[in-house]
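We count ligands from 1, going down the list as the structure has it; atoms in each ligand are counted the same way.
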Amino acid sequence: MNLESPYLSIDMAQETFIHKGDFQLESKEIIKDMQLSFITHGQLNAKKDNVIWVIHALTGDANAQEWWSGIIGEDKFYDPSKYFIICANLLGSCYGSTQPLSENPVTGGPYYYDFPNLTSRDMANALELLRLDLGIHQIHTLIGGSLGGQVGIEWAYVLQEKVRNTIILASNAKTSPWTIGFNETQRMAIAADQTWGKNDPDAGKKGLEAARAIAMLTYRHPENLANNQADEADKTDGYRASSYLRYQGQKLAKRFNALSYWTLTKTMDSHDIGRNRGGAAFALSQIPSRVLAIGIDKDLLFLKEESQFIANHVQKGTYREIKSSYGHDAFLIEYEQLKYILSSFYLEHNDD
Ligand SMILES: CC(=O)SCCNC(=O)CCNC(=O)[C@H](O)C(C)(C)COP(=O)(O)OP(=O)(O)OC[C@H]1O[C@@H](n2cnc3c(N)ncnc32)[C@H](O)[C@@H]1OP(=O)(O)O
Ligand SMILES: N[C@@H](CCO)C(=O)O
């Protein structure tokens, strides 16, 4: 596929990119015929300089207009009538890209537990292949949060001058032991499910529910639960916080699989932009694009200091902060603050 394809005249399109042949991972393992599902909104302009590339978080998908509805869409901050907006489902995720339930060419059945470990660098390299295939030479803005921010900062390193603005929300340059610890507790919950280890697409489903419940506590701040899940006086059981977390667990388990969740949390653990590049600070200093790092004051998972670290070490860094008792998930929720931060950033740099 290339930019002369007829589908580009359509405002919104879902496509699948297949990289025929070998895709070599950082581990040297190979994924054959690697596949990425992606969605585009809008059209590339004549100067081919209006590309907004969005990278989703841990359980997101390519439909950025849906999960970031306050930021992307007609009359929204990133409007497809002005920009060519693209978002691809990350490699390893279960929304159309190659993942543990995809066919393993060696066995002819799903990979299941033989799916290789992926790094954020592998995910960035996969996006780079898609960019080349689409013939996109210049990215106006690359934007992603959390795991999407980790892949984004990795890709900004690879893209060099091919990206003008890199916007990283609630993320970091190297995953902290704290975050690795939380991911491990979640994988322990999955592994404790007796179905885990079976070659079954539903393996680990109950464990995934528990994993999401644990994760939710890292995506929220105690203040948020105090505001939204407080009980009436004198209760001794049946708390709202309990049903809230159970509900959130069930909600994710209905739409996600435990194998992908395992893969993506392992990817997050191994994220380190400085690996074999002289450390995180040095690697960041090699990124020439403008970088806006947005932290969240009450993020308990990716601390705001981790965003500040990015802004302080890239060549052209800016740090801005969302104030929110939502905690980590604020980047998916606090649209008004986010729009203000984004518009000020483009204004400051006389960019549109
Ligand atoms: C195909 C796809 O869906 S993938 C794309 C969607 N997901 C993503 O991209 C991932 C990023 N998005 C997210 O993580 C989330 O959607 C967020 C952070 C944006 C918002 O989270 P939410 O779960 O909607 O918000 P919140 O924490 O307020 O919970 C509200 C839900 O909990 C339920 N709830 C609230 N309190 C309780 C309680 N005490 N007991 C039981 N349920 C409760 C609400 O009824 C509501 O249910 P609903 O989601 O079915 O409407
Ligand atoms: N709510 C986000 C959390 C990770 O940033 C998700 O489910 O992807």
Open item on the list: Go through it in stages, so that I can follow the logic: the residues are Met123 and Glu154, the test is side-chain contact (heavy atoms from CB on, under 4.5 Å), and I'd like the CA-CA distance, side-chain angles, deciding distance and then a yes or no.
Closed with: CA-CA 9 Å; Met123 291 180 176; Glu154 272 287 344; over 6 Å; no
TODO: Could I get the full list of salt bridge (Lys or Arg N to Asp or Glu O under 4.0 Å) partners for Glu74, not counting sequence neighbours?
DONE: none
Nitrogen or oxygen of [X] less than 3.5 angstrom from that of ligand 1:
{"X": "Thr59", "result": "no"}
{"X": "Glu66", "result": "no"}
{"X": "Gln229", "result": "yes"}
{"X": "Trp67", "result": "no"}

Classify the ring geometry of [X] against [Y]: parallel below 30°, tilted from 30° to 60°, perpendicular beyond 60°.
{"X": "Phe23", "Y": "His19", "answer": "perpendicular"}
{"X": "His349", "Y": "Phe345", "answer": "perpendicular"}
{"X": "Tyr113", "Y": "Trp196", "answer": "perpendicular"}
{"X": "Tyr78", "Y": "Tyr346", "answer": "perpendicular"}

Task: Listed partners of Asp351 passing side chain to side chain donor-acceptor pair (under 3.5 Å), at least two apart - done: Arg164, Asn165, Arg290
Task: With Thr263 via side chain to side chain donor-acceptor pair (under 3.5 Å) - residues at least two apart - done: none
Nearest protein heavy atom with distance in Å, relative to [atom]:
{"atom": "atom 18 (C) of ligand 1", "value": "Asp329 OD2, 3.1 Å"}
{"atom": "atom 19 (C) of ligand 1", "value": "Leu332 CB, 3.8 Å"}
{"atom": "atom 27 (O) of ligand 1", "value": "Tyr244 OH, 2.3 Å"}
{"atom": "atom 49 (O) of ligand 1", "value": "Lys251 NZ, 2.5 Å"}
{"atom": "atom 50 (O) of ligand 1", "value": "Tyr247 OH, 2.2 Å"}
{"atom": "atom 3 (O) of ligand 1", "value": "Arg255 CD, 3.6 Å"}

Is there a protein heavy atom at a distance of less than 4.0 Å from [atom]?
{"atom": "atom 38 (C) of ligand 1", "value": "yes"}
{"atom": "atom 41 (C) of ligand 1", "value": "yes"}
{"atom": "atom 16 (O) of ligand 1", "value": "no"}

Task: Tyr95 to ligand 1, any heavy atom closer than 4.0 Å - done: yes
Which of the ligand 1 atoms, numbered from 1, are nearer than 4.0 Å to a heavy atom of [X]:
{"X": "Ser243", "value": "38 (C), 39 (N), 40 (N), 41 (C)"}
{"X": "Gly60", "value": "8 (C), 9 (O)"}
{"X": "Arg212", "value": "14 (O)"}
{"X": "Asp61", "value": "1 (C), 2 (C), 4 (S)"}
{"X": "Arg240", "value": "38 (C), 39 (N)"}
{"X": "Gln248", "value": "23 (O), 26 (P), 27 (O), 29 (O), 30 (C), 31 (C), 32 (O)"}

Open item on the list: Testing Thr166, Ile341, Ile168 one by one against Leu292 for a side chain to side chain contact (heavy atoms under 4.5 Å, CB included), which residue passes?
Closed with: Ile341
- [ ] Report yes if the distance between the aromatic ring centroids of Tyr335 and Phe77 is under 6.0 Å, otherwise no.
- [x] no
TODO: Anything with a heavy atom under 4.0 Å from ligand 2 counts, so go ahead and list those protein residues by chain and number.
DONE: Ala57, Leu58, Thr59, Ser146, Arg212, Tyr219, His328, Asp329, Phe331, Leu332
Hey, is [atom1] on [X] packed in by over 12 heavy atoms from elsewhere, all under 6.0 Å?
{"X": "Phe282", "atom1": "CZ", "result": "no"}
{"X": "Arg240", "atom1": "CZ", "result": "yes"}
{"X": "Lys47", "atom1": "NZ", "result": "no"}

Open item on the list: One residue to check: Arg220. Relative to ligand 1, which of side chain, backbone, both or neither has a non-hydrogen atom less than 4.0 Å away?
Closed with: side chain
- [ ] Report the part of His56 in contact with ligand 1, treating N, CA, C, O as backbone and CB onward as side chain, heavy atoms under 4.0 Å; options are side chain, backbone, both, neither.
- [x] neither
- [ ] Check whether any side-chain N or O of Glu209 sits under 3.5 Å from a backbone N or O of Lys205 as a donor-acceptor pair, and report yes or no.
- [x] no
- [ ] Go through Leu284 and Ile153 one step at a time and tell me if the side-chain contact (heavy atoms from CB on, under 4.5 Å) criterion holds.
- [x] CA-CA 8 Å; Leu284 288 171; Ile153 200 73; 3.8 Å; yes
Open item on the list: Looking only at the side chains, is there a donor atom on one of Thr59 and Arg255 sitting less than 3.5 Å from an acceptor on the other?
Closed with: yes
TODO: Determine, using the 4.5 Å side-chain heavy-atom cutoff (strictly less than), whether Ile71 and Ile39 are members of one ILVMFWY cluster.
DONE: no
